Trainee: 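Take this structure first; my questions come after.
To find a chain, count down the sequence lines: A is the first, B the second, and so on, and within it residues start at 1. Predicted model only: the values in this text are computed from it and were never measured.
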Amino acid sequence: MITLVRGFKDILPAETALWQHLEDVARQLFDDFGFAELRIPVLEQTELFARSIGADTDIVEKEMYTFADRSGASLTMRPEATASVVRAYIEHKLYAKDPVWKLYTIGPMFRRERPQKGRYRQFYQINAEVFGLEDPRADAELILLLMTLMGRLELSGIMLHINSLGCAACRPHFKEALRSFLTESTAELCSDCLRRREKNPLRIFDCKVPACKEAMLDAPSILDHLCDQCRSHFETVQASLERFQIPYQTNHRLVRGLDYYTRTAFEVLAEALGAQDAVAGGGRYDSLVKALGGPDQPGIGFAIGVDRLIELLAHQRQGLEKRPHLFIAALGTGAQDRAFGWLQELRMQNVRTEMDFADRSLKAQMRRANKLGAPYVLIVGDRELEEGSAELRNMSTKEQEKVRLQDLVEVVVNKTRN
RNA sequence: GUGGGUGUAGCUCAGUCGGUAGAGCACCGGGUUGUGGCCUCGGCGGUCGAGGGUUCAAGUCCCUUCACUCACCCCA
């Protein structure tokens, strides 16, 4: 048997109704907030990700699906979407038409990590990106959009964490402060964190090794080291969230694994998810567009982990599946033939109609109608055909009425519309 | 990449001391010659993850391997 590639999965019909529901709600919401859809490819030149995500992040170092195509060019299955969206913004000179763009995109991402609950090698994200707005209300608007989506999906048990990572002016000072705080801790830190201390000391906040956590207990907070502009920016973001009664926690330990983030960073965490508890994450990336060769335009965005969100919504699955409006139980070849005709005719009227092509016993066909959950069953055999009628059975009341064949489509359409 | 757990019917799982492979659900059919759910009876369905070893005999013991899964790492 040929099986799935490790870490990949099929999404079976029992689940796709929920996926469609989620996407419908998201698209409607983006529409309400003035976001337009952008569709981007799954393959990009490897260099795009190396330059945007950061060459020595885990993603770029060891998690990308990278291969040489026949021309020898190095291509990569996208591990995230922001880089591609930024590339498209720059490549098509969208900024020239209007510097401000609010875009969203939905699709699969690929990372070659060890699979576990909530982590797949092909996983799905809903991404939102805003370009050209430096105002902190843009940060708030985006978080508001995200939390509104969670609300519309009737999701509970989630918590919004926010932080500010500072900017090119103040973050270097904080990194230095953190390094000097940790100079005495060489014995306590794990090997990863010793490396991080040199390269990117902020990441030590993410470490779950108990000794490292302890060493970081009294670590300085970046929120105490922000420059005036960053502090005022962050305060406005918080004030906006409060204005719209969005519950949140500031979390000065929230860093984020991608190099391009500046200022506002945020995550939505869900307790029910276990170890992979981030449902969504994002932040501001004011220097990314320029770094990738575009104009000096600020950006901010987030990604929602759709697989994880679906996990949280799994209990909503029942009630979403589509059931036929009508099942036609036809007895004998004559009735089967007529039924086949009505099947198509009714479907043209948007009546979900099913029948059994096997011409089995009425009992078997009734069983199937019941299993499919059809509220009405049309019973027709030679007896009915002769008198030009059929029996229409209401499955919940068990009442049956005779319907003249020439009125059949009209009657059924009316019944099933209510 | 590193650990732990689990692999038996389509699904959920039993399987004792090593002695002929089981249940429930699902599916198909009978009980009702043309009426669903409940009940009842029957049927279909197995490379016991794979390979090797020990043994008269292996689902069961040993070795190897693969897959799934959870966790570390990292992230959505």
Trainee: Checking base pairs now: Watson-Crick or wobble, both atom distances under 3.5 Å. What partners B:G18?
Mentor: none
Trainee: Spell out yes or no: do the side chain of A:R383 and the base of B:G34 have one donor N/O and one acceptor N/O closer than 3.5 Å?
Mentor: yes
Trainee: Which nucleotide, B:C72, B:A76, B:G34, lies nearest any side-chain atom of A:F123?
Mentor: B:A76
Trainee: Check every atom of B:A76, B:G36, B:C72 against the side chain of A:R393 and return the nucleotide holding the closest atom.
Mentor: B:G36
Trainee: Please evaluate residues A:Q28 and A:D32 with respect to the criterion side-chain hydrogen bond (donor to acceptor under 3.5 Å, both in side chains), reporting the C-alpha separation (whole Å), side-chain torsions for both, the decisive distance (0.1 Å), and the verdict.
Mentor: CA-CA 6 Å; A:Q28 179 62 52; A:D32 295 342; 3.1 Å; yes
Trainee: For B:G51 versus B:U8, give the span between their P atoms, rounded off to a whole number of Å.
Mentor: 15 Å
Trainee: Hey, what's the ring geometry for A:F302 with A:F30, parallel, tilted or perpendicular (30° and 60° as the breaks)?
Mentor: parallel
Trainee: Tell me what A:A369 touches on the nucleic acid: a base, only sugar-phosphate, or nothing, going by heavy atoms under 4.0 Å.
Mentor: nothing
Trainee: For B:U35, does the base pair up with any side-chain atom of A:Q400 as donor and acceptor (N or O, under 3.5 Å, distance only)?
Mentor: yes
Trainee: Rounded to whole Å, please give me the gap between CD1 in A:I379 and C1' in B:G36.
Mentor: 9 Å
Trainee: Given atom CG of A:D356 and atom C1' of B:C28, what is their separation to the nearest angstrom?
Mentor: 12 Å
Trainee: Kindly check if the number of other-residue, nucleotide or ligand heavy atoms within 6.0 Å of CD (A:E23) is above 12?
Mentor: yes
Trainee: Pick the P atom in B:U16 and in B:U54, then give their distance to the nearest Å.
Mentor: 24 Å
Trainee: With under 30° as parallel and over 60° as perpendicular, where do the rings of A:Y124 and A:W19 fit, or are they tilted in between?
Mentor: perpendicular
Trainee: Assign each of A:E384 and A:K371 to its nearest nucleotide of RNA chain B by heavy atoms, then name whichever residue's nucleotide is nearer the 5' end.
Mentor: A:K371
Trainee: Apply the test side-chain hydrogen bond (donor to acceptor under 3.5 Å, both in side chains) to residues A:Y65 and A:Q122: give CA-CA distance (whole Å), side-chain angles for both, the deciding distance (0.1 Å), then the verdict.
Mentor: CA-CA 11 Å; A:Y65 283 98; A:Q122 174 173 335; over 6 Å; no
Trainee: From CD1 of A:I126 over to P of B:C75, roughly how many Å is that when rounded to an integer?
Mentor: 21 Å
Trainee: Please state how far atom CD in A:Q122 lies from atom C1' in B:C75, giving the value in whole angstrom units.
Mentor: 17 Å
Trainee: In whole angstrom, give me the gap between the C1' atoms of B:C17 and B:A58.
Mentor: 14 Å
Trainee: Please produce a list of atom pairs where a protein N or O lies less than 3.5 Å from an N or O of nucleotides 66-69 of chain B.
Mentor:
residue, atom, partner, partner atom, Å
B:C68, OP2, A:R6, NH1, 2.3

Trainee: Given that both distances must come in under 3.5 Å, which nucleotide forms a Watson-Crick or G-U wobble pair with B:U65?
Mentor: B:G49
Trainee: Would you tell me if any nitrogen or oxygen in the side chain of A:R360 comes within less than 4.0 Å of OP1 or OP2 on B:G29?
Mentor: yes
Trainee: Find the distance A:R112:CZ to B:G1:C1' and express it as a whole number of Å.
Mentor: 10 Å
Trainee: Would you say A:Q406 has more than 12 foreign heavy atoms packed within less than 6.0 Å of its CD?
Mentor: yes
Trainee: Are there over 12 heavy-atom neighbours, none belonging to A:E387, within less than 6.0 Å of that residue's CD?
Mentor: yes
Trainee: NA contact type, A:E267, heavy-atom cut-off 4.0 Å: base, sugar-phosphate, or nothing?
Mentor: nothing
Trainee: Partner of B:A71 by Watson-Crick or G-U wobble geometry, both contacts under 3.5 Å, or none?
Mentor: B:U2
Trainee: Please give, in whole Å, the distance from B:A76 P to A:I158 CD1?
Mentor: 17 Å
Trainee: For B:U6 and B:A14, measure between their C1' atoms and round to the nearest Å.
Mentor: 16 Å
Trainee: Start with the C-alpha gap between A:L313 and A:H21, add the side-chain angles, then the distance that decides, and say whether side chain to side chain contact (heavy atoms under 4.5 Å, CB included) holds.
Mentor: CA-CA 10 Å; A:L313 297 175; A:H21 168 67; 5.6 Å; no
Trainee: Rounded to whole Å, how long is the line connecting atom CG of A:L12 with atom C1' of B:C11?
Mentor: 13 Å
Trainee: Could you check, using the six-membered ring where one of them is a Trp, whether A:Y104 and A:F35 have ring centers closer than 6.0 angstrom?
Mentor: no
Trainee: Under a 3.5 Å limit for both distances, which nucleotide forms a Watson-Crick or G-U wobble pair with B:A23, could you say?
Mentor: B:U12
Trainee: Quick check: any donor-acceptor pair below 3.5 Å linking the side-chain of A:E311 to the base of B:A76?
Mentor: no
Trainee: How many whole angstroms separate atom OH of A:Y261 from atom C1' of B:C75?
Mentor: 10 Å
Trainee: Considering every strand shown, what is the Watson-Crick or G-U wobble mate of B:U35 when both distances are under 3.5 Å?
Mentor: none
Trainee: B:G19 and B:U2: how far apart are their C1' atoms, nearest whole angstrom?
Mentor: 42 Å
Trainee: So A:A329, base contact, sugar-phosphate only, or nothing? Heavy-atom distance under 4.0 Å.
Mentor: nothing
Trainee: Quantified in whole Å, what is the P atom distance between nucleotide B:U65 and nucleotide B:G3?
Mentor: 12 Å
Trainee: Counting side-chain heavy atoms from C-beta on, which of B:G34, B:U35, B:C73 comes nearest to A:R119?
Mentor: B:C73
Trainee: Taking only the C1' atom of each, what is the distance from B:G45 to B:G5 in whole angstrom?
Mentor: 29 Å
Trainee: In whole Å, measure the gap between the P atoms of B:G7 and B:C13 for me.
Mentor: 9 Å
Trainee: Between A:R368 and A:L362, just flag the one whose closest nucleotide in RNA chain B comes earlier from the 5' side.
Mentor: A:R368
Trainee: Taking the inter-plane angle between the rings of A:F205 and A:F174 on a 0 to 90° scale, is it parallel (under 30°), tilted (30 to 60°) or perpendicular (over 60°)?
Mentor: parallel
Trainee: Let's test this: given Watson-Crick or G-U wobble pairing with both distances under 3.5 Å, identify the partner of B:G59.
Mentor: none
Trainee: Is it the case that B:G30 (base atoms only) and A:K363 (side chain only) share a donor and an acceptor within less than 3.5 Å, ignoring hydrogens and angles?
Mentor: no
Trainee: With both distances under 3.5 angstrom, what nucleotide forms a Watson-Crick or G-U wobble pair with B:U40?
Mentor: B:G30
